[in-house]
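Residue numbers run from 1 in the order of the sequence given. All values derive from a computational prediction rather than experimental measurement. Both counts, for ligands and for their atoms, begin at 1 and track the order of listing.
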Amino acid sequence: MAELVGPRLYSCCNCRNHVSLHDDVVSKAFQGRHGRAFLFSHAMNIVVGPKEDRNLTTGLHTVADISCADCQEVLGWKYERAYEVSQKYKGRKVHI
Ligand SMILES: [Zn+2]
């Protein structure tokens, strides 16, 4: 999970590694495992794990867990592919 640390910057909640920019927020209306989550068009200083198919509340998606490159804390996941047409916009986006 990431948190807003400045007016335009999100960081790892564990080690403060900068992982995303406010300008890259696509949507703030998402729920994550630990509460509120954000959808980013781009993230940095992260490690992307292996892809897997996962059944989410919005349908079947191919996702990959993403972790902080510094402390390995799992921050969220990246949408590699959405099967539902209405969810296609999430493709390649990062959910933190
Ligand atoms: Zn970290």
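One finds the CG atom of N45 at 7.0 Å from the CG atom of D70 (value rounded to the nearest 0.5 Å).
Side-chain contact between N17 and S11 is absent, with no heavy-atom pair separated by less than 4.5 Å.
Residues satisfying the ring-ring contact (aromatic ring centres under 6.0 Å, His included) criterion with Y10, sequence neighbours excluded, are F38, F40.
Cluster annotation: L75 is connected to V48 through the hydrophobic network of ILVMFWY side chains, with a link wherever side-chain heavy atoms come within less than 4.5 Å.
Residue K88 qualifies as enclosed at atom NZ: its count of foreign heavy atoms under 6.0 Å is above 12.
By the criterion of a separation under 2.8 Å, the protein N/O/S atoms near the Zn ion (ligand 1) amount to C12 SG, C15 SG, C68 SG, C71 SG.
Look at K93 and D24 and you find no salt bridge, because none of the NZ, NE, NH1 or NH2 atoms lies under 4.0 Å from a carboxylate O.
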